[in-house]
Number of protein chains: 2
Amino acid sequence: MERRTLTEQVLEALRKAILEDRYPPGTELQEVALADSYGVSRGPIREALNRLSAEGLVTIRPRRGAVVTGLSKQEFLEAYQVREALEVLAVKLTVERADDELVAQLEQYVSDMDEAAAADDIDSFFDLNSSFHKEFIEASGNRRLQEVHAQVIGTMGRYRRRSLVLRGDLRPSIEEHRQIVEAVRKGDPDEAAELLAHHISVPQKRLLELTEAEFAKDFNSAEVPFATTAKEL
Amino acid sequence: MERRTLTEQVLEALRKAILEDRYPPGTELQEVALADSYGVSRGPIREALNRLSAEGLVTIRPRRGAVVTGLSKQEFLEAYQVREALEVLAVKLTVERADDELVAQLEQYVSDMDEAAAADDIDSFFDLNSSFHKEFIEASGNRRLQEVHAQVIGTMGRYRRRSLVLRGDLRPSIEEHRQIVEAVRKGDPDEAAELLAHHISVPQKRLLELTEAEFAKDFNSAEVPFATTAKEL
DNA sequence: TGGATGTTAACTGTCAACACTTGCTGCTGT
DNA sequence: ACAGCAGCAAGTGTTGACAGTTAACATCCA
């Protein structure tokens, strides 16, 4: 019947649910409840939770169950720093292997972002933004880098809609993207790296200005005071 | 009796065994065999293997069991690139927070390395070298960076004794370390970062010169042609 | 002899039941 | 009232058994 294993199916479904914010940070993921709703036994659920914990999406407290991981301001900032280092590496590697096709693809993303911004279509904008950055990672040709980056992004990505406040006006962001593409076309790895580093540092600096409380308000609203429990699906 | 969970104990024992090369790359880790030797049921074994797979130490092939992960030359090179990016970030962050105590600690490591090299004590040298680099990661104050770095190092670390061939003479390496410490003391993040990048790039360049076959010979001797099966302990 | 096919042993995927912790609730005594 | 303790309910940790798949071996037919 099903080619894939139950664990994989559950894993995918849970990951999707967490990334789409249907299980917000702080949600308790109880094995029996999940087993009931997915119609499987606790075994596959436990395995899936284990792997999600390795991805950083859930935290397992021994003998006390699993909860959807929430990032503090400090942790979010730390993730940003790592992400910056990884993407700077990616862009350096990519510039050396860039071809016309890649440049065209990147330009396409930028102009699509332009349209999305003009239409105030925030969701599309962020999707395009993610694709733009991911393009560098994949074009780098370094699979390990892809894995590690996906992991870091995974824990941050859940917040992306809320993080509009960090980015502020979209137009400067698009212009920054455009400059990065230009540096890639010129084949200047150092300039591209510097531009990218600056681009990523913008929301980082905004983040620093927020107090922990303001951060919690915008980013972890579901975490306090009563943690909801995962139900159904 | 035991405060910790069985899974954790098995996890730790397995990880140690892999890192110490008692289970060389390519070793098949069969659940029943491991369960017998550790005196537990398959449940904890499966969980431990899952987590190890997340750490990159073992590879799980659906329905075909787990094997100790081996790195190809390409994968090893990719890991080196990521490691370089992470450590460069670490050193930049660390320089800004460095105090006299840290500098003293780093100098201690360097002089100990000097002694170990003079006594031809390769094992001690590599231990000290690991500690030196790890010191930056921990001093950076970025926990996420620590996690990711530990993950990347974990898959590379198993090869460290074999990788002496990549480093060649130990004396230049020690001198490089000394220069890095000096830059940290001066509080110059860019110089420290550049020195560290150069330091890490040395074995990378050597690695590039090896053919895939030479690499496999020195680094993955246990992977071909007959994979051994894990037994006892 | 060589290749395709049936058979079988070994192993993983999954399940349901049991044991043990943990945190809560309500009692008791002061 | 309130602190402390006992009992209880809920949930995780662990186990052993069963089912399904894989891969190797033996067998059969050209």
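All of these numbers come straight from a predicted model, not from anything done at the bench.
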Got a salt bridge between A/Arg143 and B/Glu75, using NZ or NE/NH1/NH2 to carboxylate O under 4.0 Å?
no

Without decimals, in angstroms, what is the distance between A/Glu31 CD and C/dC20 P?
18 Å

For a quick test of reading the model: is some side-chain N or O of A/Thr5 closer than 4.0 Å to OP1 or OP2 of C/dT12?
no

Rounded distance (Å) that lies between atom P of D/dG16 and atom CD1 of B/Ile45:
13 Å

Which part of the nucleic acid, if any, lies within reach of A/Gly65 when heavy atoms closer than 4.0 Å are counted: base, sugar-phosphate only, or nothing?
sugar-phosphate

Provide, to the nearest angstrom, the distance between the CD atom belonging to A/Gln30 and the P atom belonging to C/dT22.
17 Å

Among the nucleotides D/dT15, D/dG11, C/dT12, whichever has the atom closest to the side chain of B/Arg42 is C/dT12

Which whole-number value in Å describes the distance from B/Leu11 CG to D/dG13 C1'?
15 Å

Expressed as a whole number of angstroms, how long is the span from A/Glu47:CD to C/dC15:C1'?
13 Å

Taking atom P of D/dG20 as reference, at what distance in whole Å does atom CG of A/Leu6 sit?
12 Å

For the pair made of CZ in B/Arg63 and P in D/dA19, what is the distance, rounded to whole Å?
16 Å

Below 4.0 Å: OP1/OP2 of D/dG13 and any side-chain N or O of B/Thr7:
no

Given B/His177, which of B/Phe132, B/Phe136, B/Tyr109 fulfils the ring pair (Phe, Tyr, Trp, His ring centres under 6.0 Å) condition?
B/Phe132

DNA chain C: A/Gly43 or B/Val32, which has the more 5' nearest nucleotide?
B/Val32

Any chance you could measure A/Glu84, atom CD, to B/Leu89, atom CG, to the nearest 0.5 Å?
8.0 Å

Ionic contact status for A/Glu20 with A/Arg158, cut-off 4.0 Å:
no

Classify the nucleic acid contact of B/Arg46 as base, sugar-phosphate or nothing, counting any heavy atom under 4.0 Å across all strands shown.
base

One should read off an interatomic distance between A/Glu138 CD and A/Ser131 OG, to the nearest 0.5 angstrom, of 9.0 Å

Please pick, from D/dG11, C/dC15, D/dT15, the nucleotide with the shortest atom-to-atom distance to any side-chain atom of B/Ser41.
D/dT15

Given atom CZ of B/Arg64 and atom P of C/dC11, what is their separation to the nearest angstrom?
14 Å

